[in-house]
Novice: 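Sending over a structure as structure tokens; questions will come in a sec.
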Amino acid sequence: MNKLSNKMVLVITMLTVFISFSIGGVILNRSTEIVEAESKQKLIETARRIGSEFDFEIREVEKLRHQVNELVESTFDLNAMRLDPQYMKEYKQQIAPVIERMAQDARISKSVYVFFDPEVTGSVNDVWYADLNNEGRVTRQEEFGLSFYEEELPEKDWYFEAKNTGRPFWSDPYDGNVYFDNHLTYISHTAPIYIDGVFIGVAGADYYFEDLKQRIMDIRIYDTGYAVLYNSKMEALIHPMMESGVSLREIDDGRYDWLADAIQNSSGVTEYTWIDGRERMIASKILLNDWIIAVEPYKDEVYKAVRNTRVLMYGILLIGAAIAAATGVFFGRKIVLPIEQIVLDINKIGLGDYENEIEKRFRRRNDEVGILANSVERMRLKQRESFEQINTANSVLEKRVAERTEELIQTNEYLEESMAKLEEKQAEMILTNEALEDALEVTRLTQRQLIESEKIAALGYLVGGIAHEINTPVGNSVTLATYIQKESLSVSDKLNKGLITKRELLDYIQNTTEAADTVYRNLKMTGDLVSRFKQLAASESKESIIHFNVYNYLHLIATSMGLFEERKNIQVEIDGDESIEVFSDAGKFSQVFTNLIANSLQHGFNQYDEGLIQIDYELVEDALMIKYHDNGSGIEKKHLDSIYTPFFTTKFSGETKGLGLNIVYNVVTKLFDGSIKCESESGKGTTFFITMKMKGVTPKNQEDVPPSLT
């Protein structure tokens, strides 16, 4: 070989090696970037997927807790609890089956409860169902002692944090309760219960932490990577390299404070060097309860594929360079010209022209030129395939971006359409509301008219009773007066004729005296009745706040309703301290019992049925406690919630307007600042429990009446 050939061979060899390294470097860098990006994206998607699974479970527990809140807030009666010592016992019996069913049907939690505040209820009251032994069956747990509420401890945060903050609360893991189930570790979700602005307790559900802990510890990322769980303070709840409760911000004198901020921001993948000197990568997701789930593999495991690709490419480059050098050294000028052509083709490949095929005449040769040509051709095909894969990946990515953009556009259009429909609905609701207000005003006018009609009907009962009571003694007096007149005429006639005997005269005097006494008693009875009915009539006026004897007044009301004469088949019993006198609105008092008695006569008894009306009363401080009972036909349970509703009646013949019990309810609760409760069962009679506050108790002597009563 001459020097020119050597130079050409040397130049060609060096150029081939240079081009091979250049192209290989471009491919290597691009491949490394793609693999690194895909590895990080995979790590982010893993964290999000795991977090979404736990978010679903958290949402289920919160939904269960919310159902318990709604149950108690919609059924608990604070006023009844304060008045009835047995209320809490009955109420717990009422809600216990519902709580048990919630716990049994729960998919995530097997522990559901409501704990009432002893400061409000006056004693320890809770309803707690749980499957403490994971046997598939929930059972009622025993109630805590009063000492549980006396001291705030970390394991009681589930109760006291919800009470003190007035907001829903997710507790950190804690080991059971202080009495009997400390073999379990809980995560509790609780929320306060308020009735009329008063805190009465907490409702909640428990999430068994050991199950969650085991599932997180079973997660593996690559070969040795793992999942961890932090609370909102970046304290480790589950971490194989940190003790539970230790904050990441406190590790190594605050060295990882920046890492805690990055995890809480949940922004992509963060790389860091751990205390052991090894590099790690972490991706995180914030859960619905502000906890953070994160995955932490070692960096060298994530980039293992990158290293393998880099080693392979270096090997290919070295092999290509060796082939080029050997070809130039051993074949010299014999291959210069073909190599020059091949070099030109390689330059084209280097410029990105992967469609320029190496000539077949070079590849058919059985010498080194053929080997080089075929090697370059294979390299061209591999590079073209690699770039096609890259282009395909880019196309797929662009397609995904386009699809998601289209989805966002469609979602935005749907939201705009929904907003337009919402505005239309709102306008319709405004028009409907105006129409309802007009209808309500008409209903109020009708109600006032019907109430006046009901008052007239009650007055009819009163007038009928007065007429009957007065007619009896007056009729007796007329009969006796007629008898005296007849006897007087007879005696006068005999005296004129001188035919009367001493015995007849004495009999006449005795009979006349007895008749006169009887007339006097009947007329006195009439006067008393008139006086009592005047008192009852006066009580219906605006000036009806008077002193009256409760026992006598109840008898007067019953008499005015005709119960002792017209309806003798109905027995009336009034039981209470006959000396009790009160200072109150007698008219409204009469209105309550007139309507109750009328209701019993119209709905409880048929015309000829025998029955009993019993009224028991007692005075407790300034409140009159009354039990009104009849043993009539009773009220069906399905009607009990409607009996105080205006215009509600079970008789549709026009006999009643359905306002009697509505008037009773309004008078008792609004005018007497009291309460009324009805218990009844079809065929077993009806009982009303009534509390009415009196303005005062009248002393025996009017001189002792305090100024506030006179």
Side-chain angles (χ1 to χ4, degrees), residues 28-58 212-232 234-242 246-249 251-252 255-313 389-390 392-401 403-404:
L28 178 62
N29 290 334
R30 182 58 178 163
S31 300
T32 301
E33 291 175 359
I34 293 173
V35 174
E36 287 182 354
E38 290 181 349
S39 300
K40 290 182 178 180
Q41 185 62 31
K42 178 182 177 182
L43 201 59
I44 294 172
E45 291 177 354
T46 301
R48 290 176 179 172
R49 176 179 54 80
I50 296 173
S52 297
E53 293 175 359
F54 292 118
D55 273 344
F56 172 78
E57 297 181 357
I58 290 171
L212 173 64
K213 181 177 181 180
Q214 189 59 47
R215 288 166 56 196
I216 292 179
M217 293 182 69
D218 289 342
I219 295 173
R220 286 291 175 266
I221 310 299
Y222 293 99
D223 295 331
T224 60
Y226 47 80
V228 297
L229 183 66
Y230 296 99
N231 63 15
S232 59
M234 290 308 297
E235 295 172 343
L237 301 179
I238 302 175
H239 199 301
M241 306 297 289
M242 293 173 59
V246 176
S247 175
L248 181 62
R249 299 183 184 278
I251 296 296
D252 202 8
R255 174 182 174 185
Y256 295 102
D257 192 56
W258 68 272
L259 180 59
D261 291 336
I263 294 174
Q264 284 186 315
N265 291 333
S266 186
S267 55
V269 177
T270 304
E271 300 180 10
Y272 66 98
T273 302
W274 190 234
I275 300 174
D276 58 6
R278 293 189 64 180
E279 292 184 340
R280 294 185 183 179
M281 304 175 71
I282 186 168
S284 62
K285 183 181 187 301
I286 300 176
L287 303 180
L288 292 177
N289 63 344
D290 293 330
W291 289 356
I292 300 171
I293 187 79
V295 291
E296 297 188 29
Y298 286 104
K299 182 177 179 180
D300 55 0
E301 292 180 355
V302 177
Y303 287 165
K304 185 176 181 180
V306 177
R307 292 198 310 273
N308 292 339
T309 302
R310 186 179 288 115
V311 170
L312 176 63
M313 294 302 297
Q389 291 177 352
I390 293 172
T392 300
N394 288 335
S395 299
V396 171
L397 182 60
E398 291 175 356
K399 182 178 180 182
R400 288 181 180 177
V401 171
E403 290 175 352
R404 292 183 180 179

Novice: Side-chain contact test, heavy atoms from C-beta onward, threshold under 4.5 Å: evaluate it for K40 versus V302 and give yes or no.
Specialist: no

Novice: Any chance you could measure N231, atom CG, to I238, atom CD1, to the nearest 0.5 Å?
Specialist: 11.5 Å

Novice: Quick one: do K299 and E271 make a salt bridge, cutoff under 4.0 Å?
Specialist: yes

Novice: In plain terms, say whether E53 and R49 are close enough for a salt bridge, that is, a side-chain N and a carboxylate O under 4.0 Å apart.
Specialist: yes

Novice: Would you give the length of the straight line joining atom OG of S284 to atom CD1 of I44, rounded to the nearest 0.5 angstrom?
Specialist: 9.5 Å

Novice: To the closest 0.5 Å, what do you measure between CD (E296) and CD1 (I219)?
Specialist: 12.5 Å

Novice: How would you list all residue pairs meeting ring-ring contact (aromatic ring centres under 6.0 Å, His included) that involve residues 267-292, not counting sequence neighbours?
Specialist: Y256-W274

Novice: Residues in side-chain hydrogen bond (donor to acceptor under 3.5 Å, both in side chains) with Q41, at least two apart?
Specialist: E45

Novice: Start with the C-alpha gap between I282 and I263, add the side-chain angles, then the distance that decides, and say whether side-chain contact (heavy atoms from CB on, under 4.5 Å) holds.
Specialist: CA-CA 8 Å; I282 186 168; I263 294 174; 3.5 Å; yes

Novice: Ignoring hydrogens, what is the shortest heavy-atom contact between L43 and A283? Give both atom names and the distance.
Specialist: O-CB, 3.8 Å

Novice: Find the distance between CG (L229) and CD1 (I293) and round it off to the nearest 0.5 Å.
Specialist: 5.0 Å

Novice: Decide side-chain contact (heavy atoms from CB on, under 4.5 Å) for L248 and M242; before the verdict, give the C-alpha distance in whole Å, the side-chain angles of both, and the deciding distance to 0.1 Å.
Specialist: CA-CA 9 Å; L248 181 62; M242 293 173 59; 4.2 Å; yes

Novice: I need the T273 OG1 to R278 CZ distance, nearest 0.5 Å.
Specialist: 11.5 Å

Novice: side-chain contact (heavy atoms from CB on, under 4.5 Å) between K213 and M217: does it pass, once the steps are laid out?
Specialist: CA-CA 6 Å; K213 181 177 181 180; M217 293 182 69; 3.8 Å; yes

Novice: State, with a plain yes or no, whether a side-chain heavy atom of E403 is found less than 4.5 Å away from one of E398.
Specialist: no

Novice: Go through it in stages, so that I can follow the logic: the residues are T224 and E301, the test is side-chain contact (heavy atoms from CB on, under 4.5 Å), and I'd like the CA-CA distance, side-chain angles, deciding distance and then a yes or no.
Specialist: CA-CA 8 Å; T224 60; E301 292 180 355; 2.4 Å; yes

Novice: Any side-chain heavy atom of Y222 within less than 4.5 Å of one from M281?
Specialist: no

Novice: Between Q214 and D218, does any side-chain donor sit less than 3.5 Å from a side-chain acceptor?
Specialist: yes

Novice: Roughly how far apart are L237 CG and I216 CD1, rounded to 0.5 Å?
Specialist: 8.5 Å

Novice: Using every non-hydrogen atom in the two residues, find where P240 and V228 come nearest and quote the distance to one decimal.
Specialist: CD-CG1, 4.0 Å

Novice: Measuring only between side-chain heavy atoms, which start at C-beta, is H239 closer than 4.5 Å to Y226?
Specialist: yes

Novice: Going by heavy atoms in the side chains, are I251 and L259 under 4.5 Å from each other?
Specialist: no

Novice: Would you mind reporting whether I292 and Q264 have side-chain heavy atoms less than 4.5 Å apart?
Specialist: yes

Novice: Do K285 and D55 have side-chain heavy atoms sitting under 4.5 Å apart?
Specialist: yes

